[in-house]
Each structure stands twice: as C-alpha cells, then as structure tokens.
Amino acid sequence: VQLQASGGGLVQAGGSLKLSCAASGRTFSTYTMAWFRQAPGKVREFVAFIVRSGGGTFYADSVKGRFTISRDNGKNTVSLQMNSLKPEDTAVYYCAAGSTTSQNPNEYYSWGQGTQVTVSS
C-alpha cells in the first residue's frame, strides 16, 4: 500500500490541526494504521494506532485526550485530529500501515512521506 500524508502546518499553542493520510490499493481495510512522529534529533515516536475495522484505538500517553485517530475504509483514509497542541508536539508526522497492533515502528512496513507540524509558543 502506498501512503500520502497531508495537513501539516504552523499553528499556535492551544490550536488544532487535522492530518490526513490517503492510501492506494484495495486492501486498506486489512491494515492496522498508525501515526508516528519524529522531532529533530530524536527517535521516531509512536502517536496512535487504529485497528482494521476502526473499532479500536490506542494512544501514547503524551497525546491521550488531545488527539483522535479515525479511519474511513470506504475512502481509504486515516486521519489524526490534533487539539490543544503544545510546542512539544512539533515534529514530522508519518502515517504507517502494518499487520499488527503495535507501538514499535519496526512492525509497520508502509510509510507515508511525512508532514511537518510546527507549534509555536
């Protein structure tokens, strides 16, 4: 599956952004979808995943209650609604597809190109 992420930008602290990831192919609903992020000089960090049906989600503690992951299997898209953004959320955000529910980026084998999110204080 090929992934294309979009929706990043510059926002003030406390603001909101919605990231989207469009997938190609007819097997989108068979993948667990996840978002990761990577800040300069830091390792890639798990943000959230959503199971194949969309009926289950899991979040990193750092974003729980502020971010919401969702998917539309009819449109082959996964989204990340980010509210109450903080400067420490600044990173390049990546969508990823895998076959298991995991916080480990090595378990995901298809990655989008990344979209920059910058939160100013």
Side-chain angles (χ1 to χ4, degrees):
V1 61
Q2 291 186 320
L3 304 175
Q4 180 79 28
S6 61
L10 173 64
V11 64
Q12 289 188 330
S16 298
L17 276 177
K18 185 173 184 178
L19 306 183
S20 295
C21 178
S24 64
R26 294 173 289 180
T27 59
F28 178 75
S29 62
T30 67
Y31 296 104
T32 294
M33 296 301 298
W35 288 94
F36 289 80
R37 66 187 182 185
Q38 189 165 16
K42 295 188 176 181
V43 299
R44 193 162 295 189
E45 175 189 27
F46 169 77
V47 175
F49 69 64
I50 186 166
V51 301
R52 300 167 188 174
S53 67
T57 58
F58 185 81
Y59 298 91
D61 287 345
S62 58
V63 306
K64 198 175 299 182
R66 299 188 298 122
F67 290 12
T68 302
I69 188 172
S70 61
R71 68 189 296 165
D72 185 333
N73 286 341
K75 295 182 179 180
N76 284 11
T77 58
V78 59
S79 299
L80 186 69
Q81 177 67 47
M82 305 185 294
N83 299 328
S84 303
L85 283 161
K86 305 175 182 180
E88 51 264 43
D89 295 318
T90 295
V92 177
Y93 283 70
Y94 299 88
C95 56
S99 57
T100 63
T101 52
S102 175
Q103 299 178 58
N104 184 348
N106 294 326
E107 298 290 340
Y108 294 84
Y109 41 76
S110 292
W111 291 83
Q113 85 286 5
T115 185
Q116 176 71 48
V117 171
T118 303
V119 185
S120 63
S121 57

Asker: Does any N or O in the side chain of Arg71 come within less than 3.5 Å of the main-chain N or O of Val51, such that one atom is a donor and the other an acceptor?
Answerer: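 Pair found, side chain donor or acceptor close to backbone of Val51.
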
Asker: Salt bridge or not between Asp61 and Lys64? Use side-chain N to carboxylate O under 4.0 Å.
Answerer: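 Lys64 and Asp61: salt-bridged.
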
Asker: Are the side chain of Ser102 and the backbone of Glu107 linked by a donor-acceptor contact shorter than 3.5 Å?
Answerer: no

Asker: Grab the two heavy atoms, one from Gly114 and one from Val92, that are nearest each other, plus how far apart they are.
Answerer: CA-CG1, 3.8 Å

Asker: With rounding to the nearest 0.5 angstrom, report the OH to CG distance, Tyr93 to Leu17.
Answerer: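 Rounded to the nearest 0.5 Å, the OH-CG separation comes to 9.0 Å.
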
Asker: Is it true that Leu80 and Leu10 fall in one hydrophobic cluster, defined by side-chain heavy atoms closer than 4.5 Å?
Answerer: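 They do not share one cluster, since no chain of ILVMFWY contacts under 4.5 Å joins Leu80 to Leu10.
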
Asker: For Thr77 and Ser20: C-alpha separation, side-chain torsions, deciding distance, then whether side-chain contact (heavy atoms from CB on, under 4.5 Å) applies.
Answerer: CA-CA 7 Å; Thr77 58; Ser20 295; 5.9 Å; no

Asker: If only atom types and distance count, is the side chain of Tyr59 paired as donor or acceptor with the main-chain N or O of Ile69 below 3.5 Å?
Answerer: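 Checked: pair present.
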
Asker: If we check side-chain contact (heavy atoms from CB on, under 4.5 Å) with Met82, which of these qualifies: Val117, Asp89, Val47, Val119?
Answerer: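 Filter result, single survivor: Val117.
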
Asker: Examine Tyr109 and Met33 and state if one hydrophobic cluster contains both, with Ile, Leu, Val, Met, Phe, Trp and Tyr joined whenever side-chain heavy atoms are less than 4.5 Å apart.
Answerer: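 Same hydrophobic cluster.
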
Asker: Tell me the closest heavy-atom pair linking Val1 and Ser24, and the distance in Å.
Answerer: CG2-O, 3.0 Å

Asker: Below 30° counts as parallel, above 60° as perpendicular, anything between as tilted: where do the rings of Trp111 and Tyr94 land?
Answerer: perpendicular

Asker: Return the minimal non-hydrogen interatomic distance between Arg66 and Ser84, and the atom names on each side.
Answerer: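 Scanning both residues completely, I find the closest heavy atoms to be NH1-O, 2.9 Å.
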
Asker: Are side-chain N/O atoms of Gln4 and Ser6 paired as donor and acceptor at under 3.5 Å?
Answerer: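 Their side chains do not contain a donor-acceptor pair, so the 3.5 Å distance test is not met.
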
Asker: Is it possible for you to say whether Leu3 and Tyr108 belong to one hydrophobic cluster, with membership spreading through side-chain heavy-atom contacts below 4.5 Å?
Answerer: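 No, because Leu3 and Tyr108 fall into different hydrophobic clusters, even though each may have its own neighbours under 4.5 Å.
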
Asker: How long is the span from the OG1 atom in Thr90 to the CZ atom in Arg37, to the nearest 0.5 Å?
Answerer: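 Taking OG1 in Thr90 and CZ in Arg37, the distance rounds to 9.0 Å.
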
Asker: Between Gln113 and Ala5, which heavy-atom pair has the shortest distance, and what is it?
Answerer: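 In this case the closest contact between Gln113 and Ala5 is NE2-O, 2.8 Å.
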
Asker: Apply side-chain contact (heavy atoms from CB on, under 4.5 Å) to residues Ser79 and Lys18 and explain how you reach the verdict.
Answerer: CA-CA 7 Å; Ser79 299; Lys18 185 173 184 178; 3.7 Å; yes

Asker: I'd like to know whether Trp35 forms a side-chain contact (heavy atoms from CB on, under 4.5 Å) with Val78, so could you lay out the CA-CA distance, the side-chain angles of the two residues, the decisive distance to 0.1 Å, and finally the verdict.
Answerer: CA-CA 9 Å; Trp35 288 94; Val78 59; 3.9 Å; yes

Asker: Inspect the surroundings of CD in Glu88 and state if more than 12 heavy atoms from other residues, nucleotides or ligands are less than 6.0 Å away.
Answerer: yes

Asker: Does Asn76 use its side chain to pair, donor to acceptor, with the backbone of Gly25 at less than 3.5 Å?
Answerer: yes

Asker: Would you compute the distance between atom NZ of Lys86 and atom OG of Ser121 and round it to the nearest 0.5 angstrom?
Answerer: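 Answer for the NZ-OG pair, Lys86 versus Ser121, is 14.0 Å.
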
Asker: Testing Phe67, Phe58, Tyr31 for ring-ring contact (aromatic ring centres under 6.0 Å, His included) with Phe49, which one passes?
Answerer: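 Going through the options one by one, the only one that passes is Phe58.
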
Asker: Could you tell me the separation between the SG atom of Cys21 and the CZ atom of Phe28, rounded to the nearest 0.5 Å?
Answerer: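 So the gap between those two atoms works out to 7.0 Å.
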
Asker: Using a 4.5 Å cut-off on heavy atoms from C-beta on, say whether the side chain of Pro105 contacts that of Gln38.
Answerer: no

Asker: Test side-chain contact (heavy atoms from CB on, under 4.5 Å) on Arg52 and Ser29 and set out the steps.
Answerer: CA-CA 5 Å; Arg52 300 167 188 174; Ser29 62; 5.8 Å; no

